Amino acid sequence: MLAAAQRLRRSSDFAAAVRGGRRAGRSTVVVHLLIDEPAQASTARAGFVVSKSVGNAVTRNRVRRRLRHLVRPRLADLPDGTLLVVRALPASASASFETLGADLDAALTAARSPRRRR
RNA sequence: CGAGUCGACCGGGCGGUCGCGUCGGUGUUCCUCCGGGAGCAUCGCCGAGGAACGUCCGGACUCCACAGAGCAGGGUGGUUGCUAACGGCAACCCGGGGUGACCCGCGGGAAAGUGCCACAGAGAAGAGACCGCCGGCCUCGUGCCGGUAAGGGUGAAACGGUGGGGUAAGAGCCCACCAGCACCCCGGGCGACCGGGGUGGCUCGGUAAACCCCACCCGGAGCAAGGCCAAGCAAGGCCACCGCCGCGAGGCGGGGGCCGGCGCAGGCAUUCGAGGGCUGCUCGCCCGAGUCUGCGGGUAGGCCGCAAGAGCAUGUCGGCAACGGCACGCCUAGAUGGAUGACCGCCGCCGGUGGCCGCAGGGCCGCCGCGCACAAAAUCCGGCGUACAGGUCGACUCGUCCG
RNA sequence: GGUCCUGUGGAGCAGUUGGAGUGCUCGCCGCCCUGUCAAGGCGGAGGUCGCGGGUUCAAGUCCCGUCAGGACCG
């Protein structure tokens with residue numbers, strides 16, 4: 001799980017990450033990553049978007065909690081001030097914990113690697 | 001043993017590692033107006049449901065000054081009770097279903113009035129003459145006039161049923177029995193209603209989940225209610241001290257100090273009262289000196305409300321029951337991009353499969369499985385409705401067999 | 001938290017005093033027309049009226065419950 005300080009709490013943070021960040025998708029999740037944030041923020045922070053198309057309230061809660069648990073160790077590798085938004089797709093409702101973690105890793109490396117642009 | 005009815009309940013368990021949220025303790029860092037506050041670490045307690053769901057009803061609570069009257073509008077509809085209240089629940093009544101335990105019913109009024117009843121049929125609601133039956137007339141015909149609702153046919157429904165008398169033919173026209181209706185009397189029941197007797201006229205269709213009538217109920221909005229602080233638009237605001245008030249966030253008053261200098265346009269008013277409360281109308285009442293409309297500008301932060309309650313468990317008493325009284329015990333989630341997750345071990349259940357045992361129902365031992373339902377608080381309660389793998393307990397009915 | 005709307009052939013819609021599931025546009029099938037295709041003409045098929053109950057002689061229509069989709073308000 002994530003502590004409250006490591007989560008995105010404001011609508012403006014979500015908008016900044018989704019609009020300004022780099023995006024990479026897999027079959028279960030889509031990742032928005034915004035790295036160059038003003039240096040005042042202490043740690044990297046993450047937020048989750050699980051829409052109603054994923055399932056009812058129980059499955060949405062389960063997907064979000066699994067994603068939080070998966071994001072927690074990976075958040076330490078990201079530089080300070082990074083904003084991360086993980087959006088769950090409908091396929092994530094039936095995915096296992098392992099495939100969810102594999103997709104999240106793949107999407108994160110894909111979003112971080114192409115730093116050669118501009 | 002088989003088939004079934006009703007009610008109550010559980011809805012995976014135990015342990016370990018790493019995490020999250022509220023609250024409390026400890027330590028530490030920072031800030032401080034010295035009251036405290038914030039962050040981090042660590043320890044401990046607690047941490048979704050029987051439906052948390054749908055939002056179909058009813059309340060508590062808050063604001064609208066009080067929560068007023070009539071009309072309109074909406075809702076409910078056997079009776080009596082229970083309840084804070086209800087469209088809920090219980091018992092009973094009536095009607096229907098079942099061999100039975102039991103189940104189902106928006107179950108007031110059609111004799112206050114209006115509307116509708118397609119097609120078919122002569123006729124569809126104060127009756128009516130198509131065929132038929134009977135009588136009369138003559139121009140003797142596939143004729144005209146009259147009587148007749150017993151028969152035929154149509155329809156979901158045709159103005160009581162059977163038998164007899166009666167008649168030209170018939171008809172409640174008369175009579176007996178039956179069914180139904182209205183009124184009266186007696187008995188039982190708090191009541192819905194039930195049982196019995198008498199009189200009347202013979203007779204009255206259905207539909208109110210069509211308008212309507214009757215009885216009863218309903219003021220409106222909703223915790224995003226509502227309140228406080230900060231910031232900002234703005235034009236007034238900010239700061240500490242003392243006293244007082246508030247459940248609380250906090251506020252009020254006093255003297256003192258500091259900063260700042262009056263968005264735009266239009267309408268109607270200033271006690272003979274604009275405008276508003278009161279969302280539709282009328283009355284009545286209240287607030288009232290500014291208010292209304294449009295444009296422009298600002299605001300997405302924090303706190304209180306916010307969890308001890310029509311509360312739960314046990315016992316006992318009253319009541320057929322729903323439920324209520326008393327005693328004792330317990331404290332049981334409070335998030336706000338929204339806290340319960342991940343992994344492991346053992347057991348349980350389910351499905352598949354293999355072996356052994358048994359005449360059989362089945363039992364025992366293994367292996368496999370993304371297997372184990374439905375579905376998650378958001379102010380809080382009481383109901384209703386709906387979804388749900390599997391399981392437990394109790395009461396009762398019918399059938400068969402044995403004693 | 002509150003207030004509403006929609007569900008009818010494959011698609012989009014109409015459907016009133018409740019009375020045969022009736023209609024429109026596109027699509028589909030067959031035939032005609034054409035050297036061929038399109039357009040056009042003629043004919044045809046295709047329906048649990050979202051689902052389950054109820055009222056009524058009779059329900060797409062009225063009532064209740066339920067499911068799915070969608071919209072609005074602060």
Side-chain angles (χ1 to χ4, degrees):
Chain A
M1 269 307 305
L2 292 172
Q6 294 176 295
R7 297 203 305 267
L8 295 184
R9 306 290 291 271
R10 307 295 290 274
S11 176
S12 55
D13 295 339
F14 276 85
V18 171
R19 288 169 174 272
R22 206 187 302 275
R23 188 181 64 193
R26 288 296 180 269
S27 63
T28 57
V29 292
V30 174
V31 162
H32 299 265
L33 194 67
L34 182 65
I35 298 180
D36 48 356
E37 177 70 357
Q40 61 189 12
S42 57
T43 64
R45 292 182 297 161
F48 302 92
V49 176
V50 184
S51 82
K52 239 178 187 176
S53 63
V54 173
N56 59 16
V58 176
T59 59
R60 289 203 307 272
N61 274 333
R62 186 172 58 240
V63 165
R64 184 169 60 233
R65 285 163 183 159
R66 282 177 162 174
L67 286 175
R68 276 208 198 111
H69 193 69
L70 288 164
V71 159
R72 199 178 74 92
R74 293 160 176 81
L75 208 59
D77 300 335
L78 296 174
D80 288 351
T82 302
L83 296 185
L84 170 70
V85 167
V86 181
R87 199 170 59 197
L89 296 176
S92 61
S94 55
S96 71
F97 189 73
E98 288 78 13
T99 57
L100 215 59
D103 278 4
L104 183 66
D105 278 334
L108 270 177
T109 52
R112 292 186 70 183
S113 60
R115 57 170 57 95
R116 63 178 182 278
R117 279 186 58 120
R118 78 178 278 278

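Below, chain A is the first sequence line, B the second, and so on; all start at residue 1. Worth saying up front: this structure is predicted, and the values here are computed from it rather than measured. All values below were derived from every heavy atom in this structure, side-chain atoms included, with hydrogens, water molecules and symmetry-related copies excluded.
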Pair of N/O donor and acceptor under 3.5 Å linking B/rA376 base with A/Asn61 side chain: yes

N or O in side chain of A/Arg64 less than 4.0 angstrom from B/rA339 OP1/OP2: yes

Euclidean distance, atom CZ of residue A/Arg72 to atom P of B/rC343 [Å, nearest integer]: 15 Å

Distance, rounded to the nearest Å, where A/Leu104 contributes CG and B/rA342 contributes C1': 14 Å

Same-atom distance (C1') from B/rG383 to B/rA84, integer angstrom: 13 Å

Presence of A/Arg68 side-chain N/O under 4.0 Å of B/rG338 phosphate oxygens OP1/OP2: yes

Nucleotide B/rG19, atom P - distance to CZ of A/Phe97 in whole Å: 14 Å

Non-hydrogen side-chain atoms of A/Leu89 and A/Val29 separated by less than 4.5 Å: no

Syn/anti state of B/rA395 by chi, 90° boundary around 0: anti

Chi-based syn or anti call at B/rU332, which uses purine or pyrimidine torsion atoms and a 90° bound: syn

Distance between C1' atoms of B/rG296 and B/rA376 (Å, rounded): 47 Å

Any side-chain heavy-atom pair of A/Leu34 and A/Thr82 under 4.5 Å: no

C1' gap between B/rC86 and B/rG382, integer Å: 9 Å

Integer-rounded Å distance: B/rC18 C1' and A/His69 NE2: 7 Å

Test item: A/Val63 and A/Phe48 side chains (from C-beta on) under 4.5 Å apart, heavy atoms: no

Opposite nucleotide pairing with B/rG290, Watson-Crick or G-U, both atom distances under 3.5 Å: B/rC268

Upstream residue (5' side of RNA chain B) when A/Gly47 and A/Thr59 are each assigned their closest nucleotide: A/Gly47

Stems formed with participation of RNA chain C [Watson-Crick or G-U wobble, under 3.5 Å, three or more pairs]: C:1-7 with C:67-73, C:10-14 with C:22-26, C:28-32 with C:40-44, C:50-54 with C:62-66

Assigned partner base of B/rC89, Watson-Crick or wobble definition, under 3.5 Å: B/rG81

P spacing across the pair B/rG87 / B/rC57, given as an integer number of angstrom: 13 Å

Base paired to B/rG73 (Watson-Crick or G-U; both N/O distances under 3.5 angstrom): B/rC218

A/Leu67 CG - B/rG338 P separation (whole Å): 12 Å

Test item: A/Arg22 side-chain N/O and A/Ala111 main-chain N/O as donor-acceptor pair under 3.5 Å: yes

pair A/Leu100-A/Leu67: side-chain heavy atoms closer than 4.5 Å: yes

Nearest-Å distance once atom P is located in both B/rC323 and B/rG13: 30 Å

Smallest separation among heavy atoms of A/Ala95 and A/Thr28, with atom names: CB-CG2, 4.0 Å

Flag, side chain of A/Thr109 to backbone of A/Asp105, donor-acceptor distance under 3.5 Å: yes

B/rG105 pairs with, by Watson-Crick or G-U criteria that keep both distances under 3.5 Å: B/rC94

N-glycosidic conformation, B/rG50 - syn within 90 degrees of 0, else anti: syn

Chi-based syn or anti call at B/rG253, which uses purine or pyrimidine torsion atoms and a 90° bound: anti

Under 3.5 Å on both distances, the Watson-Crick or G-U partner of B/rC181: B/rG200

Pairing partner of B/rG100 (Watson-Crick or G-U wobble, both distances under 3.5 Å): none

Watson-Crick or G-U wobble mate for B/rC359, both contacts under 3.5 Å: none

Options B/rA375, B/rC343, B/rG337, nucleotide nearest the side-chain atoms of A/Glu98: B/rC343

Nearest-Å distance once atom C1' is located in both B/rA321 and B/rA8: 16 Å

Between B/rA339 (P) and A/Arg60 (CZ): distance, integer Å: 12 Å

Syn/anti state of B/rG35 by chi, 90° boundary around 0: syn

N/O (side chain, A/Arg66) to phosphate O (OP1/OP2, B/rA342) under 4.0 Å: yes

Atom pair distance, as rounded to whole Å: CG in A/Asn56 and P in B/rA373: 13 Å

Complementary nucleotide for B/rG191 - Watson-Crick or wobble, under 3.5 Å: none

C1' spacing across the pair B/rG126 / B/rC159, given as an integer number of angstrom: 12 Å

Under 3.5 Å: donor-acceptor pair, side chain of A/Asn61, backbone of A/Arg64: no

side-chain N/O A/Arg65 vs B/rU340 OP1/OP2, d < 4.0 Å: yes

P spacing across the pair B/rA274 / B/rU291, given as an integer number of angstrom: 15 Å

Most 5' of A/Ser94 and A/Ala57 on RNA chain B, judged by nearest nucleotide: A/Ser94

Whether A/Arg72 side chain and A/Arg68 backbone form a donor-acceptor pair below 3.5 Å: no

Spacing of A/Arg87 atom CZ relative to B/rG337 atom C1', expressed in whole Å: 15 Å

4.5 Å side-chain heavy-atom contact, A/Arg45 and A/Leu84: no

